[in-house]
Amino acid sequence: MANLLDQLKSMTTVVSDTGDINSIKAYKPTDATTNPSLIATAATKPEYQPIVDGVLQKAREANPSASDEEVAKSAFKSLAVAFGLKILEIVPGRVSTEVDARLSYDTEASIETARDIIKQYNAAGIGNERVLIKLASTWEGIRAAEILEKEGIHCNMTLLFGLHQAVASAEAKVTLISPFVGRILDWYKKNEPSRNNDGANDPGVQSVTEIYHYYKKFGYKTVVMGASFRNMQEIVELAGCDLLTISPQFLEELQTTEGQLERKLDPESSKKDPIEKISVDKATFDKMHAADKMAHDKLKEGIEKFSEALEDLEKMLAKRLADLPKPEPVGAK
């Protein structure tokens, strides 16, 4: 009997949720996703030090008079792209690269950053079709994605916890959304400790299932990629979802587990779902977001955590930069 990972790949596009290039090689996913936390973890590993050092040295050469802290801050985008380029040597599909989470409520700055990321990929010979720009699913982030999509820059809406975020993203015609299954579960475990979260009762599974059925019933082209899993059962319950981005830990568990994997989501069953269509303008978005305490709390927390991870990474890069040989001044012998 086939293992669960092979069966899952027959009905869902499997994406690797890691910045660890060796893990990506091991599990042969179609796509890969990264974020500041994952990049920071990978950047501390000795085998990736040449990538980090190369990016820092180029950033230093581009701005020789800047402080180590200033150079490190400017180097993050290039480091994320450098890891993305290595990942694209392995995966046949796309890599997701994230816009600075500290820009989550700034539409114009998010657009500018996304254009710069794509410019770096294009300069390295990578077409737009192989890159997804990750943006937080704030109203401002969704508006940025809407403009970028019209320019041919494809977007992945991350930190998505509620139907209002999903509908607004679909109406903006974004390429892909990433609802966070495990973080939804985390909230309910903390706030409703007596709730039954087993199997299909998992609130994160229920959220992704609702969004999937909504998209398929009403014919949206935006695809759903479940993310942030806490256990393998969540993945099993979402078999058939357009994409699932899975950490190496659960890819390993799926690969070593045999048994029959039942498809739980398919477009035909979505047609029978009783959910009604809604339209989400800013007023509706704000109202629904305020009413959904879980989505409100987790979006705020997620932006804060990604911002903190980025600040920690910048500190690590500044420290590493201080240890590298300083370039000789121009004209020095």
Check: S23 side chain, P248 main-chain N or O, donor-acceptor pair, under 3.5 Å: no

message: If you define the side chain from C-beta out and look only at heavy atoms, does anything of L88 sit under 4.5 Å from Y121?
response: yes

query: Are the charged groups of D273 and K216 less than 4.0 angstrom apart, N to O?
result: no

- prompt: More than 12 heavy atoms of other residues, nucleotides or ligands under 6.0 Å from CD of E47: is that the case?
  reply: yes

- prompt: Is any NZ, NE, NH1 or NH2 atom of the basic residue among K173 and E149 found under 4.0 Å from an Asp or Glu carboxylate oxygen of the other?
  reply: no

query: Do the side chains of P179 and V224 get nearer than 4.5 Å, heavy atoms only?
result: yes

- prompt: Is there a path from L4 to L238 through hydrophobic residues (I, L, V, M, F, W, Y) whose side chains come within less than 4.5 Å of each other?
  reply: yes

message: Is there a salt bridge (Lys or Arg N to Asp or Glu O under 4.0 Å) between E301 and K298? Walk through the geometry before answering.
response: CA-CA 5 Å; E301 177 189 83; K298 297 309 286 186; 2.6 Å; yes

task: Would you check, one step at a time, whether the test side chain to side chain contact (heavy atoms under 4.5 Å, CB included) holds for E98 with T34?
output: CA-CA 7 Å; E98 189 150 342; T34 63; 5.7 Å; no

- prompt: With a 4.0 Å cut-off, would you call R115 and E151 a salt bridge?
  reply: yes

query: For the side chain of S207 and the backbone of P203, is there at least one donor-acceptor N/O pair under 3.5 Å apart?
result: no

query: So, for I142 and A168, which heavy atoms are closest and what is the spacing to 0.1 Å?
result: CG2-O, 3.7 Å

message: Using a 3.5 Å distance criterion without hydrogens, assess whether the side chain of T175 forms a donor-acceptor pair with backbone atoms of H154.
response: no

message: Between S110 and L103 (side chain of the first, backbone of the second, donor and acceptor by atom type, cut-off under 3.5 Å), is there such a pair?
response: yes

field: K73 atom NZ: more than 12 heavy-atom contacts under 6.0 Å
entry: no

field: K9 atom NZ, neighbour heavy-atom count above 12 within 6.0 Å
entry: yes

message: Is there a path of hydrophobic side-chain contacts, each under 4.5 Å between heavy atoms of I/L/V/M/F/W/Y residues, joining L160 to F229?
response: yes

From CA spacing to verdict: side chain to side chain contact (heavy atoms under 4.5 Å, CB included), M157, L176: CA-CA 6 Å; M157 302 313 300; L176 180 150; over 6 Å; no

Sidechain-backbone polar pair: T138 side chain, Y105 backbone, donor-acceptor under 3.5 Å: no

field: N/O donor-acceptor pair under 3.5 Å between S10 side chain and Q7 backbone
entry: yes

message: One thing to verify: whether E314 and R102 come together as a salt bridge, which I'm taking to mean a side-chain N less than 4.0 angstrom from a carboxylate O.
response: yes

- request: Kindly assign one of parallel, tilted or perpendicular to the pair Y214 and Y220, based on the angle between their ring planes and the thresholds 30° and 60°.
  value: parallel

message: Is it the case that the side chain of N35 and the backbone of I39 share a donor-acceptor pair, with hydrogens and angles ignored and the cut-off at 3.5 Å?
response: no

- prompt: Do E304 and K300 sit within salt-bridge range, that is, some charged N less than 4.0 Å from a carboxylate O?
  reply: yes

query: Does atom CD of Q49 have more than 12 heavy-atom neighbours from other groups under 6.0 Å away?
result: yes

- prompt: Under 30°, 30 to 60°, or over 60°: which ring-plane class applies to F180 and F306, parallel, tilted or perpendicular?
  reply: perpendicular

- prompt: Going through the checks in order, is the side chain to side chain donor-acceptor pair (under 3.5 Å) test met by E237 and Q233?
  reply: CA-CA 6 Å; E237 290 293 338; Q233 190 59 38; 3.0 Å; yes

- prompt: Got more than 12 heavy atoms from elsewhere within 6.0 Å of NZ, K305?
  reply: no

query: After noting the C-alpha distance and the side-chain angles of K282 and D286, does the key distance pass the salt bridge (Lys or Arg N to Asp or Glu O under 4.0 Å) rule?
result: CA-CA 6 Å; K282 188 176 189 307; D286 290 344; 2.7 Å; yes

- request: Output yes when R195 and D202 qualify as a salt bridge under the 4.0 Å nitrogen-oxygen rule, no when they do not.
  value: no

task: I would like to know whether V167 and I211 meet side chain to side chain contact (heavy atoms under 4.5 Å, CB included); could you show each step before the answer?
output: CA-CA 8 Å; V167 174; I211 292 167; over 6 Å; no

- prompt: Taking Q165 for the side chain and L159 for the main chain, is one N or O donor matched with an acceptor at less than 3.5 Å?
  reply: yes

message: Check for me whether R183 meets the cation-pi criterion with W187, that is, NZ or CZ under 6.0 Å from the six-membered ring centre and within 45 degrees of the ring axis.
response: no

query: Do D17 and S247 get their side chains close enough for a donor-acceptor pair, meaning under 3.5 Å?
result: no

